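Shown next, in structure tokens, is the structure this report addresses.
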Amino acid sequence: MNKEKIEALVQEGKMLPLMEAFYTIQGEGHHTGTSAYFVRIGGCDVGCHWCDVKESWDAEKHPPTVTEKIVDEVIKYSDTVVVTGGEPLTWDMTYLTQMLKQKQVKIHIETSGAYPFSGIWDWVCLSPKKNKLPTKEAYQKAQELKVIIFNKHDFKFAEEQAKQVNEDCLLYLQPEWSVREKMIPLIVDYVMKNPKWKISLQTHKYLRIP
Ligand code: SF4
């Protein structure tokens, strides 16, 4: 297939720059501890300095993969998929999610919400980033707000973000992994004083699984 054809298919979401895909246990947030197939799509220009998947940023490094092939792999392993990145909403998610819905897969997304929404989602986990704030639509769609706590100022950011989501949205504070020892006691204290929040830990890292 020539380059133009591939680019056109990527534009339509019929091919996606797949970085990796794997069956594992969801380590974070509301669905912690449940099995799911993860699809990590390359491409993100949000630029968080503490990002733990910097290799995802450059979409060019991740080969455009036929979307049906991604779906075929998902259904071999799980009835739940977590689409993550990178920033998956860099791409048109309509086709991928339609194909997954046809196979009765439950579809979760983890997004910074910085780009327009596309696709049909059963669960939207919004993890807002200061560098590029979520769109209004992302706040409205979020069922789970997960704010990463890297420093004390992030508590203030978390409260600002919580004001923007709908009232049913679940609220999580998650320590950034490299500073967890320092931030966990502060988060514990904060959640006890502000019980609308819950703690999310990256349990997959403690379990040493992907
Ligand atoms: S939005 Fe996510 S993938 Fe993008 S830089 Fe931030 S943490 Fe990394």
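Remember, it's 1-based here, ligands and their atoms both numbered in the order they're listed. These numbers come from a predicted model, not from an experiment. Nothing fancy with the numbering, it's 1 onward along the sequence.
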With a 3.5 Å cut-off and no angle check, do the side chains of Ser200 and Lys198 form a donor-acceptor pair? no

Criterion side chain to side chain donor-acceptor pair (under 3.5 Å) against Gln26, the qualifying member of His108, His204, Glu110, His31: Glu110

So, [X] and [Y], do they make that salt bridge, N to O below 4.0 Å?
| X | Y | answer |
| --- | --- | --- |
| Lys182 | Glu176 | no |
| Lys76 | Glu73 | yes |
| Lys3 | Glu7 | yes |

Audit row: Lys132, Glu87, salt bridge (Lys or Arg N to Asp or Glu O under 4.0 Å) steps and yes/no: CA-CA 12 Å; Lys132 248 184 210 283; Glu87 172 44 69; over 6 Å; no

Could you pull out the N/O/S protein atoms under 2.8 Å of atom 4 (Fe) of ligand 1, ignoring any water? Cys44 SG

